[in-house]
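Basis for what follows: all heavy atoms, side chains included, without hydrogens, waters or symmetry-related copies.
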Amino acid sequence: MTHRNTYGNTKKPTWLMPLSIIIGLGLCFILDLSLSLGVAGGIPYLFVLVATYFYHNTKALKISAVSAIALVVLGIALSPKGDIPYWIVYANRLYSVLAIIVVTPLLVLIVDTKKRMEDSSNQLAQVINTVSAALIGVDKNGRVVLVNPSATELFGYSRLELMWQPIEILIPKEFRGVHSTHREGFLKTLTPRSMGEGRSLFGLRKDGSQFPLEIGLTPVPNHADIEVLATIVDLSTRVELEAEQRWLAAIVGFSGDAIFSKSLDGVIESWNKAAEQLYGYTAEEIIGQSVSLLIPSSEAMQMEDILRKIRKDEKLEHFTTKRCHKDGWILDISLSVSPIKNTTGQIVGAACIARDITAMKMTEATLRMLNRTLARSNEEQERFVSIAAHDLKEPLRNMRNLADMIRSDCKGLLPEQSVVDLQDIGNQATRMTNLVDELRRYAKIGSEEGGSTKVDCHEVIDEFCQHHALFMTEHHAKVEVQGTLPKVFMLPEHVSAIFRNLIINGLKYNESQEKTVCITGRARFEMAEFTVTDNGIGIPDQSHEHIFTMFKRAHSGAKFSDGSGAGLAIVKKIVEQYAGTIDVKSSSNEGTMMRFTLPTEEQQA
């Protein structure tokens with residue numbers, strides 16, 4: 001078994017110390033017995049004590065001293081008799097005992113002192129090694145003689161890599177020359193201070209990266225190796241936080257929204273320029289005042305309610321409330337409040353963001369009034385159209401009936417041209433009646449009762465084909481749907497009106513032997529895009545601009561005289577009511593493609 005010496009790292013066998021002491025004392029005793037009357041026999045024991053001192057063990061010193069005194073006394077009786085007087089022998093022995101008694105406490109005192117010094121040094125080393133700040137000790141030549149784990153971690157070197165190296169290896173190359181000059185100046189004064197006051201300091205890691213730091217210099221007087229102890233703090237995090245704070249301060253300062261903070265007691269602690277403009281108070285006037293200064297009496301209970309929620313770590317976002325201006329008038333604002341936490345996560349206050357919505361409120365009130373006015377106007381318009389339609393259709397019906405009666409009563413009496421003219425009168429009356437019906441239908445768009453719902457476009461198209469099966473068979477017409485059409489969120493009758501008008505137009509204005517209307521559709525985000533394509537006569541380019549206008553037609557003449565010119569206008573009005581769009585792609589004799597969009601989800605108001 002071995003033990004670690006208290007004062008060093010040298011390991012010695014545990015049996016070596018007692019064995020060497022016993023041998024030393026034994027040799028001294030033999031020497032004592034071999035001398036005549038042992039005149040100088042006590043002196044060698046002192047050398048044994050001195051040798052025992054190097055084991056730095058006070059107990060061993062004391063045992064050796066007692067053993068030496070006992071052997072000195074025993075030597076009086078056992079040493080050979082000579083011609084020297086006894087009183088000289090006794091005196092010599094007494095001096096030896098006194099020397100042992102004097103030397104032993106001195107050696108014990110030295111051992112205890114060195115032990116206390118090393119214990120203190122070990123404690124200091126432990127403190128240095130556990131300090132979170134980086135510590136580096138430098139000798140008078142600028143070499144590293146002490147480094148703690150925080151320093152090795154900060155700079156990326158091991159302890160062995162740093163020891164006895166010049167301190168300049170930790171400094172960027174561009175600053176090394178200046179640093180040597182400053183270091184020599186500091187060693188002349190040896191006054192504790194911060195390094196590089198007024199300047200930005202940077203350290204150099206082993207990997208070559210630089211970082212901002214702060215250094216405190218402390219002289220270490222009366223130390224064998226360390227001349228200066230440097231305390232180094234990495235400022236990277238602090239610099240980043242300061243930059244972030246400046247950035248946030250700039251954002252807050254130039255924000256168009258009023259931003260201020262308050263304590264949990266409701267005391268205002270910060271105030272930006274926009275807050276000055278909104279509330280009328282300058283920062284000097286309002287900081288330190290209670291936020292209740294901004295709250296009207298009608299909202300007096302609101303302040304405690306907000307602070308109570310903030311203490312519970314709750315956020316309040318964009319709620320509408322009222323606040324007071326410095327001049328006394330009441331503001332409508334949108335207010336957001338969120339907790340402010342310190343570095344430990346404790347809630348210490350609240351941040352408030354306010355936006356003046358007074359003008360928006362006035363605009364909303366104006367819009368509501370206009371909407372009511374428009375609703376009344378639409379209602380009156382619809383009533384007028386209904387009455388006009390009824391009043392117009394009555395004489396038209398009488399006109400048609402009268403023409404039919406004349407033609408029937410005067411059958412064979414009137415010239416052939418007159419009969420044709422009477423038939424035209426009836427046809428025109430019927431067409432006029434249809435136009436009145438279309439006008440009424442157009443006016444009613446947007447005022448229908450009932451809500452929107454999901455509508456299956458396949459079902460709408462199938463229903464149309466069933467109702468017009470005979471017509472499609474007689475005219476060799478067909479409707480093709482390619483792929484799966486997306487469902488739309490609309491009134492079912494509006495979906496039917498769109499597809500009915502577009503399909504009828506595609507089949508009516510078509511001179512092909514096999515009349516075809518092809519329908520496609522695909523979903524695009526919250527809207528669905530549809531196309532209705534036919535192989536008909538097409539639409540001339542010059543007619544594209546007005547075909548969606550009420551009663552405007554792209555084709556005229558007897559062949560297409562039964563059209564009202566209202567179908568595409570109705571389609572466009574329905575599509576735009578749902579925030580959709582419609583356009584046409586067509587040329588004469590090349591067919592027509594109508595592309596339009598409809599909502600797949602409920603439209604937000």
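When only modelled atom types and interatomic distance are considered, Ser496 and Glu493 share no side-chain donor-acceptor pair under 3.5 Å. A side-chain N or O of Asn342 and one of Thr344 form a donor-acceptor pair less than 3.5 Å apart. A donor-acceptor contact closer than 3.5 angstrom is absent between the side chains of Asn510 and Asp534.
For Thr600 (side chain) and Glu526 (main-chain N/O), a donor-acceptor pair under 3.5 Å exists by modelled atom type. Side-chain atoms of His475 never come within 3.5 Å of backbone atoms of Ala477 as a donor-acceptor pair (strictly under, hydrogens ignored). Looking only at distances, no side-chain donor or acceptor of Lys454 sits under 3.5 Å from a matching main-chain atom of Met490. Lys515 places a side-chain N or O within donor-acceptor distance of the main-chain N or O of Ser512, the cut-off being under 3.5 Å. Listed for the Thr282 side chain is a donor-acceptor partner under 3.5 Å among the backbone atoms of Glu285. Between the Thr320 side chain and the Ser334 main chain, no donor and acceptor come within less than 3.5 Å of each other. Put simply, the side chain of Ser586 gets close to the backbone of Gly591: a donor and an acceptor are under 3.5 Å apart. Between the side chain of Arg524 and the backbone N or O of Glu529 there is no donor-acceptor pair closer than 3.5 Å. A donor-acceptor distance shorter than 3.5 angstrom exists from the side chain of Thr473 to the backbone of Ala469, with no hydrogens or angles considered.
Of the inter-residue distances, the one linking Ile232 atom CD1 with Leu213 atom CG reads 6.5 Å to the nearest 0.5 angstrom. To the nearest 0.5 Å, the span separating OG on Ser270 from CD1 on Ile340 amounts to 6.5 Å. Put simply, OG on Ser292 and CD on Gln302 are 12.5 Å apart, with the number rounded to the nearest 0.5 Å. Here the straight-line distance linking atom CG of Asp462 with atom CD of Glu459 works out to 8.0 Å at 0.5 Å rounding. Of the inter-residue distances, the one linking Leu502 atom CG with Phe464 atom CZ reads 10.0 Å to the nearest 0.5 angstrom. With rounding to the nearest 0.5 angstrom, the NZ atom of Lys326 is 7.5 Å from the OH atom of Tyr281.
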Evaluation steps, side chain to side chain donor-acceptor pair (under 3.5 Å), between Ser236 and Asp234: CA-CA 6 Å; Ser236 299; Asp234 184 1; 2.7 Å; yes
Criterion side chain to side chain contact (heavy atoms under 4.5 Å, CB included) on Ile330 and Cys324, from CA distance to verdict: CA-CA 5 Å; Ile330 302 300; Cys324 292; 3.8 Å; yes
Chi angles and distances behind the side chain to side chain contact (heavy atoms under 4.5 Å, CB included) call for Asn501, Leu568: CA-CA 7 Å; Asn501 280 289; Leu568 290 180; 5.9 Å; no
Verdict with supporting geometry, Ile268 and Leu294, side chain to side chain contact (heavy atoms under 4.5 Å, CB included): CA-CA 11 Å; Ile268 296 173; Leu294 307 175; 4.2 Å; yes
Worked check of side chain to side chain contact (heavy atoms under 4.5 Å, CB included) between Arg311 and Ile347: CA-CA 7 Å; Arg311 293 188 187 100; Ile347 298 173; 5.9 Å; no
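When every heavy atom of Val291 is checked against every heavy atom of Ile295, the shortest pair comes out as O-CG1, 3.6 Å. Of all heavy-atom pairs spanning Gln482 and Leu485, the tightest one is O-CD2, 4.5 Å.
Here the side chains of Leu335 and Ile353 are not in contact, with every heavy-atom distance at 4.5 Å or above. Annotation: side chain of Gln577 is not in contact with side chain of Lys573 (no heavy-atom distance under 4.5 Å). Using a 4.5 Å heavy-atom threshold, the side chains of Cys457 and Val488 count as touching. Residues Thr592 and Ile537 fail the side-chain proximity criterion, which asks for heavy atoms closer than 4.5 Å. Put simply, the side chain of Gln277 does not reach to within 4.5 Å of the side chain of Asp356, judged on heavy atoms. A 4.5 Å side-chain heavy-atom check between Ile286 and Glu276 finds every atom pair outside the cut-off.
Under the 30°/60° scheme for interplanar angles, the aromatic rings of Phe530 and Phe596 are found to lie parallel. Taking the six-membered ring where the residue is Trp, Tyr279 and Trp271 present tilted rings, their angle falling between 30° and 60°.
Among Lys361, Arg323, Lys322, Arg355, the single residue meeting the side-chain hydrogen bond (donor to acceptor under 3.5 Å, both in side chains) criterion with Asp332 is Lys322.
Heavy atoms of other residues, nucleotides or ligands lying less than 6.0 angstrom from CE of Met362 number 12 at most.
The pair Arg308-Glu304 does not meet the salt-bridge criterion, since no charged nitrogen lies less than 4.0 angstrom from a carboxylate oxygen.
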